Amino acid sequence: MRMMTMKELRNNKVVLGLSGGVDSTTAALLLKEKGYEVIGLFLDVMGDGSSDIEAAAKAAEQLDIPFVHRDVSDIFEKVVISDFCREYSIGHTPNPCVVCNPNVKFKTIIDVADELGAYYIATGHYARIINRYDRYYVQQAASLRKDQSYMLYRLGQDILSRIIFPLGNFQDKEETRNLAKSHKLFSADKADSQEICFIEDGKKAYVDFIEDRGFHCEQGDFIYSDGSVIGKHKGLLYYTVGQRKGLGLNLGKSAFVTKIDPAGNTITLGSNKDLFKENVVSHSNFFVADSTERIPETVDNDCLLAKIRYGAGLSPCTLKAGDNGRVIATFDIAQRAATPGQSIVFYAKDSEEESAYVIGGGLIESDY
């Protein structure tokens, strides 16, 4: 099939990632109301003919929009699931969405849009797009409680220039559900999707899933911060930095996982105070303006903010280049439990009144 040129793509046509949930279904409704020709695209990440396909197809039928199904299970297994298993096996705590979004989800949506002659793409994410100095950026949603900009920091200009986020200005999820109910959409009361789409909730489920793919979990030593061995752990897969519960130890005081060492198969415990660090080192960094690992010269440390996990708040910091492409973020206020494998995401803010926007991020390597 001949790929269409950018001039041939239609500006009133949009391919929307359609899961069958209330967010993507309502996003499709809003786009239709604005006059777009909407095509619903279901990404089958497991290739198992799950009931989600039926829900997405039903949503497309109810909205009277074309429905397209793509089996992306092969690339999802190779890129997302393999990374998830590998990272957990070495004591990291990965975020699969960060890997999936640029390499599977949005890449596939763009490819399908090009095939079908659509200029725009869309999803039901709670985020917004802004243009600054002829560059596109993901801005926080109007609802900071629902904001998903953190997950989108690795998207480049080729994708950001074509994205529409219809739910970006909604104040909360209830507004989304109420709109869906008012149009009698069957998804209005559908439960929110689970945190990781390819695995059921629960740490034990993670371990079983990972070990089924050949990554084994062996016991090792718990070490306290003074260097003393204080017991045996069940295997690195069961733990994450900052964890307190489920350690299986009775020390007579609270203890937290402060370090996981895959080389020695040891887990270090310490006090809550030991978890707070001012400096966070990241690798595999990505800066949105030029899709580069290097800190852009335009970055103004005076208006820079960052967060070290999805649910964290933004905190002022400064950036400087480290060795081998690493970035060192120094926070004004020490951050708790910077967890290897999670992402640190960098934001800029033009004024106090305006929402922050994503300028880049990277994978947390260690404290410094």
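All of these numbers come straight from a predicted model, not from anything done at the bench. Sequence positions, counted from 1, serve as the residue numbers for this chain.
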ask   = Can you check salt bridge (charged side-chain N to carboxylate O under 4.0 Å, His left out) on E174 and K146, steps first, answer last?
value = CA-CA 11 Å; E174 198 61 29; K146 291 297 297 179; over 6 Å; no
Say whether, by atom type as modelled, one donor and one acceptor occur between the side chain of [X] and the main chain of [Y] under 3.5 angstrom.
X	Y	value
T292	R294	yes
D83	V79	no
K13	G117	no
R132	D350	no
Q62	K58	no
Q157	V288	yes
T339	A337	yes
R135	A289	yes
D172	S143	no
R154	N103	no

query = When you look at F165 and I129, which way does the side chain to side chain contact (heavy atoms under 4.5 Å, CB included) test go after all the steps?
reply = CA-CA 7 Å; F165 292 130; I129 294 292; 3.8 Å; yes
Is a salt bridge present between [X] and [Y], judged by a nitrogen-to-oxygen distance below 4.0 Å?
X	Y	result
K349	E354	no
R326	E293	no
D23	K173	yes
K232	D221	yes
D111	K107	yes

If two hydrophobic side chains count as joined below 4.5 Å and joins carry through other members, does [X] share a cluster with [Y]?
X	Y	answer
I223	V241	no
I308	F276	no
V257	I230	yes
I130	Y153	yes
F186	L30	no

Is any side-chain heavy atom of [X] closer than 4.5 Å to a side-chain heavy atom of [Y]?
X	Y	result
V207	Y88	no
Y120	N12	no
F256	S271	no
D261	I267	no
L185	L63	yes
V80	C100	yes
E278	Q335	no
V98	Q342	no

With a 6.0 Å cut-off (strictly less than), is the heavy-atom count around [atom1] of [X], excluding the residue itself, greater than 12?
X	atom1	answer
K78	NZ	no
N250	CG	no
D64	CG	no

Would you name the heavy atoms of [X] and [Y] that are closest together and state the gap between them?
X	Y	result
S73	G47	CB-N, 3.6 Å
C217	G235	SG-CA, 3.2 Å
D189	K181	OD1-CE, 3.0 Å
P262	I260	CD-O, 3.4 Å
I295	A321	CD1-N, 3.7 Å
L314	A356	CD1-CB, 3.8 Å

query = Is R86 close enough and on-axis enough to F215, meaning under 6.0 Å and within 45°, for cation-pi?
reply = no
inquiry  = Given the ring of Y36, does K34 sit roughly above its face, with NZ or CZ under 6.0 Å from the centre of the six-membered ring and within 45° of the axis?
reply    =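 Judged by the rule (NZ or CZ under 6.0 Å from the ring centre, within 45° of its axis), K34 is not positioned above Y36.
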Distance in Å, [X] [atom1] paired with [Y] [atom2], rounded so as to fall on 0.5 Å steps:
X	Y	atom1	atom2	result
I199	I81	CD1	CD1	9.0 Å
H69	L43	NE2	CG	9.0 Å
F222	S228	CZ	OG	13.0 Å
I210	S89	CD1	OG	7.5 Å
I109	L16	CD1	CG	7.5 Å
I364	H92	CD1	NE2	10.5 Å

key: Stepwise side-chain hydrogen bond (donor to acceptor under 3.5 Å, both in side chains) check, H183 with E33   = CA-CA 12 Å; H183 285 77; E33 289 182 340; 3.0 Å; yes
task = Assess whether side-chain hydrogen bond (donor to acceptor under 3.5 Å, both in side chains) is satisfied between T176 and Y126, documenting all intermediate values.
result = CA-CA 11 Å; T176 305; Y126 289 83; 2.7 Å; yes
request  = Return each pair, listed once, that meets ring pair (Phe, Tyr, Trp, His ring centres under 6.0 Å) where at least one residue sits in residues 321-364; pairs must be two or more places apart or across chains.
outcome  = Y137-Y357, F287-F346
task = Determine, step by step, whether N169 and R128 satisfy the side-chain hydrogen bond (donor to acceptor under 3.5 Å, both in side chains) criterion, reporting the C-alpha distance in whole Å, the side-chain angles of both residues, the deciding distance to 0.1 Å, and the verdict.
result = CA-CA 7 Å; N169 287 317; R128 295 178 285 188; 3.1 Å; yes
Intermediate values then yes/no, side-chain hydrogen bond (donor to acceptor under 3.5 Å, both in side chains), T268 and T258 = CA-CA 6 Å; T268 301; T258 60; 5.1 Å; no
task = Give the ring-plane orientation class for F67 versus F42, where under 30° counts as parallel, over 60° as perpendicular and anything between as tilted.
result =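 Tilted.
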task = For the pair Y238 and Y206, evaluate ring-ring contact (aromatic ring centres under 6.0 Å, His included) and give the outcome as yes or no after the intermediate values.
result = CA-CA 9 Å; Y238 284 92; Y206 286 21; over 10 Å; no
ask   = Any side-chain donor-acceptor pair under 3.5 Å between N272 and R336?
value = yes
Y133 and T298: CA distance, side-chain angles, deciding distance, side chain to side chain contact (heavy atoms under 4.5 Å, CB included) verdict = CA-CA 11 Å; Y133 317 111; T298 54; over 6 Å; no
